[in-house]
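Each remark here refers to the structure printed beneath this line.
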Amino acid sequence: MKIVVCIKQVPARDSMLRVDTSRPWIQEADLSHEINEPDAYALEEGLQLKEKHGGEVVVLCAGPARAAQTIREALAKGADRAIHIEEENLGGFDPLGLARVMAAALQAEQPDLVLTGLQSDDLGYGQTGVILAEVLGLPHATIIMQVEKQDGTIRVKRELEDGWFQHVEMPLPALLTIQSGINKLRYATLMGIKKAKTKEVKRLTTAELGGARQPAIRFARVYLPEKTKHSQIFDGPPKEAAAKLVEKLKFEARVL
Amino acid sequence: MSVLAILEQRGGVWHRMSWETLAAAQQLGAELQQPVSAAVVGHDVSAPAGELAGKRLERVHAIEHALLKEYTADGYAEALGQLVAGVKPRVVLFPHTYQVRDFAPKLATALDRVLVSDVVAHRVESGELVLVRQLFQGKINVDVRFAGEPPYFASVQAGAYRADKVEAGSARIEKFTPEISAATIRTKPLEWFRESQRAVDLTAADIIVSVGRGIKEAENIPIVQKLADALGAELAASRPICDNGWLPMERQVGSSGQTVSPKMYVAVGISGAIQHLVGMKGSKTIVAINKDPEAPIFEVADYGIVGDLFQVVPALVEEIKKAKG
């Protein structure tokens, strides 16, 4: 089974974010970056399916030059090779524009299964996988918690709301968006890290893949959310803050 | 030109976010000075369509087809694509449910449009629609504008609009029978199921202490367990903690876990991504302990301590014990 896993590099979770005053985005210069967490689960699922059924795992990543680090990490974990769509200005693409470029990069690959994380931690559209499926003409299922390969088909467990699930069957090739927690993430081994250095990374540009089209949406302004609720915040030494909080809980909120 | 709300129900039972979306559509319609319609999809939707006929709407589109009995992305996108092509609305609104996340991006793509997903607010500026979304798990907001031609697709976040603002009225029901062939539907949906009876009913707890990523390691869970014990509270968690197996899934609060509204909810080391907030923001008193003063959890908290939970929580346990005598 040839499996393509789409991954994205995003600012590290603990990042203190600052708004960029020169463009509607955040200041990126001092941030460290990492793999989008749901994509890490998609990669792990791809690797486990390959271990069970054989085949190949190809990582597809659209992002600036710095994303090469995240791609290497995916290769170190066990992906066989990678395609890096190099683009310094991802902000020039809307989700459909980017999915078209990704679909063009997959033209030559003809994968049996395409996996993505269910959403990105930065933009959080939760759409790239579904749009990519439509552009590629593939059936899809979202928020997947289990994948079983059968003969020419797959059976997946789709997460619904409020603790419900549903099994869905579909033919291959197909696209799945993977929910965090579907599996246990592996660490790269020393051997894996060594091997990753020799694995193929094909570099493509968005221009070669059809380029950007006129985006259908644009960011007008990026800003910190206004505080709408008046919270009472206590800081200072932990013991003092704790004492103040307990006093409030006892005499104001009356919950103790 | 009009505003079209595409609402979600299953077997005649409404998804609660449908009413929030309808309220959003009515507000938008008033501001854009455009008529508002609603659509409901299924095999037999006479009952839910009848209910919508009692709301202030121009029309209710009852989309019915035998192949729409069970939800599939292929079936829904096909049926709604045909409706939208005929009705030509300016704005199409959805509730941002798991089901909408499954089919709405496909529908928009098929019509060469881009869905603006998970919208928390809107405004109209000189007749133009501006939508507010959250970035970086709620840490940053963005105003989004549409650049191309309508229809403009958007989905609305849980709790962003108030269901009780839906205005009553009367509307005409129009049946719409899409043309769908069985071959269009490539996926085969099976029965819904739940994993097991929940042994822990968090909804019954008066006080909940909930733990998030800030706890760092499974070995640190007893630190918050002590706080729960001191308060006589149930212990709960945000999704990543359950994903890692540090606490069982049945203790998860949020959109994929339980929805709770206890007298007091203490969030420890939880940043407050929307998926968590929707499960607990109805709590009477919310306390947050987090090292990041900008964490979105402080948006919903009544009381908060900004600091290192590994120092704050033990101090809090001591103070609670003192206060309780």
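Below, chain A is the first sequence line, B the second, and so on; all start at residue 1. The figures that follow rest on heavy atoms only: side chains count, while hydrogens, waters and symmetry mates do not.
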Heaviest contributor of heavy-atom pairs below 4.5 Å to chain B, chosen from A:Asp94, A:Leu160, A:Ile26, is A:Leu160

With a 4.5 angstrom heavy-atom cut-off, is it the side chain or the backbone of A:Ile182 that approaches chain B, or both, or neither? neither

Taking the side chain as C-beta and beyond, is there a heavy-atom pair between B:Ile140 and A:Val222 under 4.5 Å? yes

Between B:Arg186 and A:Gly137, the two heavy atoms sitting closest are NH1-O, 2.9 Å

Listed by chain and number, what are the salt bridge (Lys or Arg N to Asp or Glu O under 4.0 Å) partners of B:Arg213, not counting sequence neighbours? A:Glu37

Portion of B:Ile185 that has a non-hydrogen atom of chain A nearer than 4.5 angstrom: neither

Would one find more than 12 heavy atoms of other residues, nucleotides or ligands at under 6.0 Å from atom CD of A:Glu247? no

Which answer fits A:Val19, side chain, backbone, both or neither, if we ask what part of it has an atom under 4.5 Å from a heavy atom of chain B? side chain

Please work out whether the ring planes of A:Phe234 and B:Tyr303 are parallel, tilted or perpendicular, with thresholds of 30° and 60°. parallel

Nearest 0.5 Å, what's the CG-CE distance between A:Leu256 and B:Met264? 5.0 Å

For B:Asp243 and A:Gln179, run side-chain contact (heavy atoms from CB on, under 4.5 Å): C-alpha distance rounded to whole Å, both residues' side-chain angles, the deciding distance at 0.1 Å, then the answer. CA-CA 10 Å; B:Asp243 281 349; A:Gln179 169 68 295; 5.8 Å; no

For the residue pair B:Tyr71 and A:Gln166, confirm or rule out a side-chain donor-acceptor distance under 3.5 Å. no

I would like to know whether A:Asp14 and B:Lys291 meet side-chain contact (heavy atoms from CB on, under 4.5 Å); could you show each step before the answer? CA-CA 10 Å; A:Asp14 287 347; B:Lys291 68 174 191 315; 4.2 Å; yes

What part of A:Leu138 is in contact with chain B, defined as an atom under 4.5 angstrom from a non-hydrogen atom: side chain, backbone, both or neither? backbone

Side chain, backbone, both or neither: which part of A:Ile131 has a non-hydrogen atom closer than 4.5 Å to chain B? both

Hey, what do you get for CZ (A:Phe165) to OG (B:Ser256), rounding to the nearest 0.5 Å? 8.0 Å

Let's go through A:Asp162 and B:Thr259 carefully: what are the C-alpha distance in whole Å and the side-chain angles of both, what is the deciding distance for side-chain contact (heavy atoms from CB on, under 4.5 Å) to 0.1 Å, and is it a yes or a no? CA-CA 8 Å; A:Asp162 297 320; B:Thr259 300; 4.1 Å; yes

Compare every heavy atom of A:Tyr223 with every heavy atom of B:Val132, then report the nearest pair and how far apart it is. CG1-OH, 3.4 Å

Exercise: do B:Arg101 and A:Gln127 side chains pair donor with acceptor under 3.5 Å: no

Among B:Leu115, B:Leu131, B:Val116, which residue forms the greatest number of heavy-atom pairs with chain A at distances under 4.5 Å? B:Leu115

Below 4.5 Å from any heavy atom of chain A, which atoms of B:Val287 appear? Answer side chain, backbone, both or neither. side chain

Which answer fits A:Thr153, side chain, backbone, both or neither, if we ask what part of it has an atom under 4.5 Å from a heavy atom of chain B? neither

Quick check for you: to the nearest 0.5 Å, what is the distance between B:Ser255 atom OG and A:Ile143 atom CD1? 8.0 Å

Nearest heavy-atom contact between A:Pro225 and B:Gly138 is CG-O, 3.8 Å

Atom CG of B:Asp74 and atom CE of A:Met170: how far apart are they, to the nearest 0.5 Å? 9.0 Å

So if I apply the side-chain contact (heavy atoms from CB on, under 4.5 Å) rule between B:Pro105 and each of A:Val130, A:Thr142, A:Thr128, which one comes out positive? A:Val130

A:Gln150 atom CD, over 12 foreign heavy atoms within 6.0 Å: yes

Any side-chain donor paired with an acceptor under 3.5 Å for B:Asp118 and A:Tyr125? no

For A:Arg155, is it the side chain, the backbone, both, or neither that has a heavy atom closer than 4.5 Å to a heavy atom of chain B? side chain

Please name the pair of heavy atoms, one in B:Tyr98 and one in A:Glu161, separated by the smallest distance, quoted to 0.1 Å. N-OE2, 3.1 Å

Could you state the interatomic distance from CG (B:Leu190) to NZ (A:Lys157), rounded to the nearest 0.5 Å? 13.5 Å

Please tell me if the side chains of B:Thr187 and A:His140 come closer than 4.5 Å, counting only heavy atoms from C-beta onward. no

Under 4.5 Å from any heavy atom of chain B - which part of A:Pro139: both

Heavy-atom distance under 4.5 Å to chain B: side chain of A:Glu226, backbone, both or neither? backbone

Angle class for the B:Phe136/A:Trp25 ring planes (parallel below 30°, perpendicular above 60°, tilted otherwise)? tilted

Given that the side chain runs from C-beta out, which part of B:Thr97 has a heavy atom under 4.5 Å from chain A: side chain, backbone, both or neither? both

Going through the checks in order, is the side-chain contact (heavy atoms from CB on, under 4.5 Å) test met by B:Lys284 and A:Val255? CA-CA 10 Å; B:Lys284 197 154 171 283; A:Val255 283; 6.0 Å; no

With a 4.5 angstrom heavy-atom cut-off, which part of B:Gln137 approaches chain A: side chain, backbone, both or neither? both

Distance from B:Trp192 atom CH2 to A:His167 atom NE2, nearest 0.5 Å? 14.5 Å

Side chain / backbone / both / neither for B:Ile207 at chain A, heavy atoms under 4.5 Å: side chain

Tell me, side chain or backbone of A:Arg254 under 4.5 Å from chain B's heavy atoms, or both, or neither? neither

For B:Gln275, is it the side chain, the backbone, both, or neither that has a heavy atom closer than 4.5 Å to a heavy atom of chain A? side chain

Using heavy-atom distances under 4.5 Å, tell me whether A:Lys248 contacts chain B through its side chain, its backbone, both, or neither. both

Flag the one option from B:Ala315, B:Ala73, B:Ser117 with the top tally of heavy-atom pairs under 4.5 Å to chain A. B:Ser117

If one checks every heavy atom of B:Glu149 against chain A at 4.5 Å, the contacting part turns out to be neither

Heavy-atom contacts under 4.5 Å, residues 237-245 of chain A to chain B: A:Pro238, A:Lys239, A:Ala241, A:Ala242, A:Ala243, A:Leu245

Is it true that A:Gln232 and B:Asp302 share a donor-acceptor pair across their side chains at a distance under 3.5 Å? no

Within a reach of under 6.0 Å around CZ of A:Arg186, are more than 12 heavy atoms found that belong to other residues, nucleotides or ligands? yes

Look at A:Glu159 together with B:Arg239 and state whether they make a salt bridge at an N to O cut-off of under 4.0 Å. yes

Is chain B contacted by the side chain of A:Leu132, its backbone, both, or neither, given a heavy-atom distance below 4.5 Å? neither

Are any non-hydrogen side-chain atoms of A:Arg218 and B:Val144 less than 4.5 angstrom apart? no

Does a side-chain N-to-carboxylate-O contact under 4.0 Å join A:Arg213 and B:Asp112? yes

Give the minimum heavy-atom separation between A:Val246 and B:Ala323, together with the two atoms involved. CG1-CB, 3.5 Å

Taking atom NZ as the centre, does A:Lys184 end up with more than 12 heavy-atom neighbours from other residues, nucleotides or ligands that are less than 6.0 angstrom away? no

Does any backbone or side-chain atom of A:Asp122 lie under 4.5 Å from a heavy atom of chain B? Answer side chain, backbone, both or neither. both

